[in-house]
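One structure is given here, and the rest of the page talks about it.
Naming: A, B, ... by sequence-line order, numbering from 1 per chain. Predicted model, so just to flag it, every value in this text is computed and none were measured.
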There are 4 protein chains.
Amino acid sequence: MPRVGMEPIRRKALIEAAIETIGARGNLDVTMSQIARSAGVSPALAHHYFGGKNQLFLATMRHLLSDFAEGVREALRTSDAPRARISGIIRQSFGPDQFVPATVAAWLAFYVLAQSDPQARRLLGIYGRRLNSNLVDALVRIAPRAAALRIAEGIAALIDGLYIRRALKHGPPDPASAIALVENYVDTELAALEGRQ
Amino acid sequence: MPRVGMEPIRRKALIEAAIETIGARGNLDVTMSQIARSAGVSPALAHHYFGGKNQLFLATMRHLLSDFAEGVREALRTSDAPRARISGIIRQSFGPDQFVPATVAAWLAFYVLAQSDPQARRLLGIYGRRLNSNLVDALVRIAPRAAALRIAEGIAALIDGLYIRRALKHGPPDPASAIALVENYVDTELAALEGRQ
Amino acid sequence: MPRVGMEPIRRKALIEAAIETIGARGNLDVTMSQIARSAGVSPALAHHYFGGKNQLFLATMRHLLSDFAEGVREALRTSDAPRARISGIIRQSFGPDQFVPATVAAWLAFYVLAQSDPQARRLLGIYGRRLNSNLVDALVRIAPRAAALRIAEGIAALIDGLYIRRALKHGPPDPASAIALVENYVDTELAALEGRQ
Amino acid sequence: MPRVGMEPIRRKALIEAAIETIGARGNLDVTMSQIARSAGVSPALAHHYFGGKNQLFLATMRHLLSDFAEGVREALRTSDAPRARISGIIRQSFGPDQFVPATVAAWLAFYVLAQSDPQARRLLGIYGRRLNSNLVDALVRIAPRAAALRIAEGIAALIDGLYIRRALKHGPPDPASAIALVENYVDTELAALEGRQ
DNA sequence: AATGAATGAGCCTTCATTCAT
DNA sequence: AATGAATGAAGGCTCATTCAT
């Protein structure tokens, strides 16, 4: 017996099913049927609500992205100190919400999708630039601009690299050690700058 | 015009065509027909020589891997000094052979494949462990064991992270800046260790 | 024009189309497309409902087998007299339902399939054993056990042999002469036993 | 180093390989490559000598058929007594040469081929008619024509039926019991005729 | 709101066959 | 005499997508 107002419920369920299914398989070679089954609905319904497979993927990416962005925003709200803000971003990147295996695998899959799908690339680009500007904004307050740009890129590359390794179940399985490695990177780089001054 | 002794020629051509095709598309969603056409042969021939799509992929990975390993081996041969050996590995990781866009994209695609294909994972695992032990072997000669392990992981993560970003055409398009960033990481980490002593 | 409740209708149509197509060709070298076309649906639908070619074949065998078994059961219900029961089985073996050219050819094709497909063999084994036990059960009531076993085997071999010849359009095209030949065999064998007593 | 006069050697080897391969698989779904490999030559050579797969099959049938005919001819040569000649034919049908599993399976496969291939059917027709006339010729000397025809058909059907069962590995695995069953059939039928006279 | 029914398009794979050597 | 090289054709199967209910 269909009830009104089911749309948001179904959409959310399908997006979560998509993450789960993609995560379990490790790539985007999942079928609409699998996702729909995992969400407990018919494939036709997934279609009805999203208009197509690609659009479901895009919506799923948007979900992941806005989830992450929301987390970062919250982390930044807690402190205005540059170094603390950087830590907030790092902590958020490896937070429980983001570092769930299925989510990590889905992220990696979307990284790949971005290579062939312009919309996915745009989405990822926005996220990348926002993350970068958050990092740079904080870093320029405690380091010369050139160094800030470099360190920001290093942080982002480290996060991505550790993510990949996590997705492949290599490296430390715990977020703590990932966070420590990046934090150490930041500390060492900043300390080196001060030493030179 | 069938001539004898074509097998090695065809195998090589098909592997190169696979890299090219995967690189152009950015993922493994390429058809045997596309690869075969790019190699100038019929799809049936690709099957004949490799036995199937997956085996062609695996052979292509092996090619990439052994190419890289050969480069590293050569780089290590030039010097016995620990720091120089590390630089050799980094330089090789971003060398002209490895940092070609198509090759980078193929690597990323294989990273993803490794999540669902046990053989691919095994292959990648061997490479990862070998790379790690090369790095650690050099680092332990100039740093405490714990630090050596951490820095080795940092280097590997940075390389992977910069690779991803390259594959997505983000970040520095030139190998030089990628190398500089990793080299700087090593220098800073090592310097910090000395300062602490 | 999709209407609900089509599944049983389609399954039946496809099974009948399979018999028809196999019968027309005389072997199992028929394509799913041919069968599907003959059933008036797309090949994809045949896969959807049966999961694959082999499973469609198996379902078709099961259909043939259960059809036959049902006929035998009915034939046995009409009489409890041993000799009459044997006649019932023979009559059923060459009855209008079973002796249709296409059906006969399909049977022969499945006999062959049974040599390479374990499931088909199992299916045929069940049928063979049931037929044999029905014959033996009746025969032991009017003949010594050893003779009963022999005659049962003779009947079965005659039925199969006449079937083959029918499939090849040799021998009598009419069921009547086939039935007469087998009946005569039974009569003569039983008479011989009595004469010897 | 190719030698002259290889043709008959290769042809024989390929035909035997064909019987072996078909027998092992239980049907005609064998590839030229499999047959050629089993004969120790290249697929191209099989082609060269026979002109095609179908023609190789036909040649194999002819081989089987003439082998059998030769055996029958020899069996008939030993005696002129009608009953003995019938026994000779039966014995030959289940003789060591003919009752080898692979050969039996190949026969069955060719029975099926005869349904779709006119040439195969013609070949089988000739054999069938010759066998029948041999049987009838002997039987008319000891039984009324109508009975002779009937018994001849019964013998042929029994042979075919027991063959099929042998091919499916049902029934007695030993030729002796098959022969006994058919012999018994002949004896009983003939005795019945005498009794009636 | 939701789904069963249905299909077109496409891909991997197999194989008989041909050809130059 | 013999074979490696190569392909065209075809079949099984999957899947996103559409449609009527």
Side-chain angles (χ1 to χ4, degrees), chain A residues 1-7 9-10 29-36 39-57, chain B residues 1-7 9-10 29-36 39-56, chain C residues 1-7 9-10 29-36 40-56, chain D residues 1-7 9-10 29-36 40-57:
Chain A
M1 292 98 208
R3 273 176 284 154
V4 289
M6 290 302 282
E7 173 149 2
I9 296 173
R10 295 301 190 199
D29 288 343
V30 295
T31 70
M32 284 294 261
S33 294
Q34 289 165 353
I35 297 173
V41 300
S42 74
L45 195 68
H47 237 271
H48 177 63
Y49 278 131
F50 288 93
K53 192 189 190 180
N54 221 49
Q55 282 158 286
L56 170 53
F57 280 171
Chain B
M1 313 99 204
R3 254 179 274 176
V4 289
M6 294 302 282
E7 173 151 1
I9 298 172
R10 295 303 189 201
D29 288 342
V30 295
T31 71
M32 283 296 259
S33 295
Q34 289 165 355
I35 296 174
V41 299
S42 73
L45 197 69
H47 272 95
H48 178 64
Y49 281 129
F50 287 94
K53 193 189 193 181
N54 221 51
Q55 280 160 285
L56 170 54
Chain C
M1 313 99 201
R3 254 179 275 172
V4 289
M6 294 302 283
E7 174 151 1
I9 298 172
R10 294 303 189 200
D29 288 343
V30 295
T31 71
M32 283 296 260
S33 295
Q34 289 164 355
I35 297 174
V41 299
S42 73
L45 196 68
H47 273 96
H48 177 65
Y49 280 130
F50 288 94
K53 194 189 192 180
N54 221 52
Q55 281 161 284
L56 170 53
Chain D
M1 290 103 209
R3 275 176 283 156
V4 288
M6 291 301 282
E7 173 150 0
I9 298 173
R10 296 299 191 202
D29 288 343
V30 295
T31 71
M32 285 294 260
S33 294
Q34 288 165 354
I35 297 173
V41 300
S42 73
L45 196 68
H47 238 270
H48 177 63
Y49 278 131
F50 289 94
K53 191 187 190 181
N54 220 50
Q55 282 157 286
L56 169 53
F57 281 171

Is there a donor-acceptor pair under 3.5 Å between the side chain of B:Lys53 and the backbone N or O of B:His47?
no

Test side-chain contact (heavy atoms from CB on, under 4.5 Å) on D:Ile35 and D:Phe57 and set out the steps.
CA-CA 11 Å; D:Ile35 297 173; D:Phe57 281 171; 4.2 Å; yes

Checking contacts here: which listed nucleotide (E:dT13, F:dA16, E:dA2) is nearest the side-chain heavy atoms of B:Lys53?
E:dT13

Whole Å only: how far is the CD atom of A:Glu7 from the P atom of E:dA1?
7 Å

Please give, in whole Å, the distance from F:dG12 P to C:Gln34 CD?
8 Å

Between CG of C:Asn54 and P of F:dC13 the distance, given in whole Å, is 8 Å

Judged by nearest nucleotide, the residue sitting upstream toward the 5' end of DNA chain F, C:Thr31 or B:Val41, is B:Val41

When the distance from NE2 of B:His48 to C1' of E:dA16 is rounded to whole Å, what number comes out?
14 Å

Any idea which heavy atoms bring B:Ser33 and B:Pro43 closest together, and the distance?
OG-CG, 3.7 Å

Rounded to whole angstrom units, what separation is found between the CE atom of D:Met6 and the C1' atom of F:dT3?
14 Å

Closest of E:dA2, E:dA5, E:dC15 to the C:Tyr49 side chain is E:dA5

Could you state the CZ-C1' distance from D:Phe50 to E:dT17, rounded to the nearest angstrom?
16 Å

Tell me which nucleotide, if any, is Watson-Crick or G-U wobble paired with F:dT18 when both distances must be under 3.5 Å.
E:dA5

Between C1' of F:dA10 and CG of C:Asp29, the distance in whole Å:
13 Å

Nearest-nucleotide 5' precedence on DNA chain E, B:Val30 against C:Gly40:
C:Gly40

Hey, is the side chain of C:Arg10 poking within less than 4.0 Å of OP1 or OP2 on E:dA5, counting only N and O atoms?
no

For residues C:Met32 and C:Ala46, report the shortest heavy-atom separation together with the two atoms involved.
CE-CB, 3.9 Å

Comparing nearest nucleotides in DNA chain F, the 5'-proximal residue of the pair C:Met32, A:Ala44 is C:Met32

Looking at the side chain of D:His47, which of F:dA2, E:dA16, E:dT14 is the nearest nucleotide?
E:dA16

Round to the nearest Å and state the distance from A:Leu56 atom CG to F:dT17 atom P.
10 Å

Value rounded to 0.5 Å, distance of CZ in D:Phe50 from CZ in D:Arg10
12.0 Å

